[in-house]
Amino acid sequence: MKPSRHTIAVEGPLDLPLTVTCGQAFRWQRVAVDAVAGKAASGEAAETWSGVVEGAEVRAVARQGELQVDCLGRDPGRDAIVRYFRLDENPESHLTHAPELRAIPGFTGLLGMRLLRQEPWETLVSFICSAASNVRKISGGVEGMAERWGDPIAGSDRRAFPSPERLAAVRERDLRALGIGFRAPYVLGTARRLARDPWDWGALRRAPIEEARATLQALPGVGPKVADCVLLFGLDRLDTYPVDRWIRRATLELTSRRSARDEDLERWSRSLGPSRGYLQQILFHLRRTGGPLPSIAGLHAVTRTPRARRRKAS
DNA sequence: TCCTCTCCTTGCTT
DNA sequence: AAAGCAAGGAGAG
């Protein structure tokens with residue numbers, strides 16, 4: 001089968017390697033590095049990355065304001081690629097509600113790190129596996145599930161991510177064999193629930209944020225952080241602010257605090273505007289690869305919020 | 001109700 | 001080489 005090619009103009013900056021390796025997606029692999037004519041001498045090269053989008057293998061190269069994509073298997077179509085890579089919007093548009101972040105050294109240089117619009121089911125499993133883990137191990141688990149139980153892709157040696165029904169039928173020890181450890185029963189439990197009662201992801205995408213979070217958190221292995229990651233990376237909800245250990249440190253530093261509940265840090269993040277999830281991803285990378293962040297306190301206060309919520313059903 | 005502590009796997013890093 | 005660490009969650013106390 002001949003791959004179908006899409007060449008798409010990119011609105012604003014795009015750093016493809018960073019976008020697919022920064023910890024939001026786990027199935028991207030670098031397959032080649034091509035020297036760019038005229039830039040090879042300066043050491044610049046365009047990397048080709050392979051991923052799986054909507055059941056097709058996608059091979060992508062970014063160069064001079066455009067993204068070139070070859071699709072193997074059933075072509076998901078140009079619009080799907082635009083959607084997935086968020087090529088239809090300029091990342092700059094997400095900074096308008098929080099111009100003070102522009103002053104953080106290195107921040108604007110990371111605007112090419114785009115938030116992908118990924119598939120919710122794969123995102124859910126990926127972030128259940130992310131608990132107290134690292135990108136490399138998460139990738140091993142997720143890719144291993146696809147290799148063992150995913151449908152093959154015509155003309156490709158890669159496989160689609162397995163459905164909830166498929167994973168629900170898997171033995172726990174076979175999941176553990178992929179190295180995901182104590183997260184295996186969580187993945188299995190969640191797969192069985194969704195296999196029994198499939199979710200209307202579209203409805204969840206449009207639901208009030210607190211309702212969507214509560215729905216996700218009812219699943220085994222899904223707490224506040226994982227739920228927010230699924231909303232942000234899998235359901236196109238930029239109005240979330242997943243608080244993990246790095247974002248906790250970053251946010252405490254930005255607000256000049258020694259400690260605060262995660263819930264209060266999330267609440268403070270609302271002052272960053274409706275695209276705070278986009279900014280979160282940049283702060284995450286900035287804090288993890290760099291050092292402490294400068295304070296931007298005084299502009300917004302951290303307020304402690306009254307608490308009243310439910311427990312998770314067994 | 002809320003907070004804190006511990007355990008849960010594994011493999012790479014210091 | 002033993003301990004620390006890594007996009008947390010669940011259960012106990």
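The sequence lines fix the lettering, A, B, ..., with proteins before strands; numbering per chain opens at 1. Below, each value reflects all heavy atoms present in this structure, side chains not excepted, and no hydrogens, waters or symmetry copies.
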Worksheet item: Distance between the P atoms of C/dA12 and B/dT9, in whole angstroms?
Response: 16 Å
Practice prompt. Measure the distance from CZ on A/Arg183 to P on B/dC7 and round it to the nearest whole Å.
Written response: 17 Å
Fill in: Protein-nucleotide distance (A/Lys137, atom NZ; C/dG4, atom P), rounded to Å
17 Å
Worksheet item: Cluster question for you: counting only ILVMFWY and a side-chain heavy-atom cut-off of under 4.5 Å, with indirect links fine, are A/Leu231 and A/Leu116 together?
Response: no
Item to complete: Please work out if A/Arg288 contacts a base, only the sugar-phosphate, or nothing of the nucleic acid, heavy-atom cut-off 4.0 Å.
Response: sugar-phosphate
Worksheet item: Does the side-chain ring of A/Tyr186 lie flat on the base of C/dG9, meaning centres under 5.5 Å and planes less than 30 degrees apart?
Response: no
Worksheet item: What's the CG-P distance between A/Leu124 and C/dG9, to the nearest Å?
Response: 12 Å
Discussion item. Quick check on A/Arg30: does its CZ atom have over 12 non-hydrogen neighbours (other residues, nucleotides or ligands) under 6.0 Å away?
Written reply: no
Worksheet item: Taking the P atom of each, how far is B/dG11 from C/dA10, in whole Å?
Response: 24 Å
Worksheet entry | Residues A/Asp75 and A/Ser4: side-chain donor-acceptor under 3.5 angstrom | yes
Item to complete: For B/dT6 versus C/dA7, give the span between their P atoms, rounded off to a whole number of Å.
Response: 22 Å
Worksheet item: Would you write out the dot-bracket form of DNA chain B, 5' to 3', with Watson-Crick and G-U pairs under 3.5 Å, [ ] for crossing pairs, | for pairs to other strands and . for unpaired bases?
Response: ..||||||.|||||
Practice prompt. Determine, using ring centers only, whether A/Tyr241 and A/Tyr278 are less than 6.0 Å apart.
Written response: no
Worksheet item: What is the distance, rounded to the nearest whole Å, between atom CG of A/Asn134 and atom P of C/dG4?
Response: 18 Å
Practice prompt. Select one nucleotide: of B/dC3, C/dG8, C/dA7, the one nearest the side-chain heavy atoms of A/Phe127.
Written response: C/dA7
Practice prompt. Measure from CZ on A/Phe182 to P on C/dG9 and round the result to the nearest Å.
Written response: 10 Å
Worksheet item: For residues 160-171 of chain A, which residue pairs qualify under side-chain hydrogen bond (donor to acceptor under 3.5 Å, both in side chains), counting only residues two or more places apart or in two chains?
Response: A/Asp151-A/Arg166, A/Ser163-A/Glu165, A/Arg171-A/Asp174
Worksheet item: To the nearest Å, how far apart are A/Phe233 CZ and C/dA7 P?
Response: 12 Å
Worksheet item: Are A/Lys225 and A/Asp244 ion-paired here, with the side-chain N under 4.0 Å from a carboxylate O?
Response: no
Worksheet, complete the sentence: Taken to the nearest whole Å, CH2/A/Trp246 to P/C/dC5 is 10 Å
Worksheet item: Checking only heavy atoms, does the side chain of A/Arg176 share a donor-acceptor pair with the base of B/dT9 at less than 3.5 Å?
Response: no
Worksheet item: Okay, side chain of A/Arg114, backbone of A/Pro13: is any donor-acceptor separation there less than 3.5 Å?
Response: yes
Response to the item:
From CZ of A/Phe26 across to P of C/dA6 the rounded distance in Å is 15 Å
Worksheet item: Quick one: on DNA chain B, does A/Ile180 or A/Arg136 contact a more 5' nucleotide (nearest heavy atom)?
Response: A/Ile180
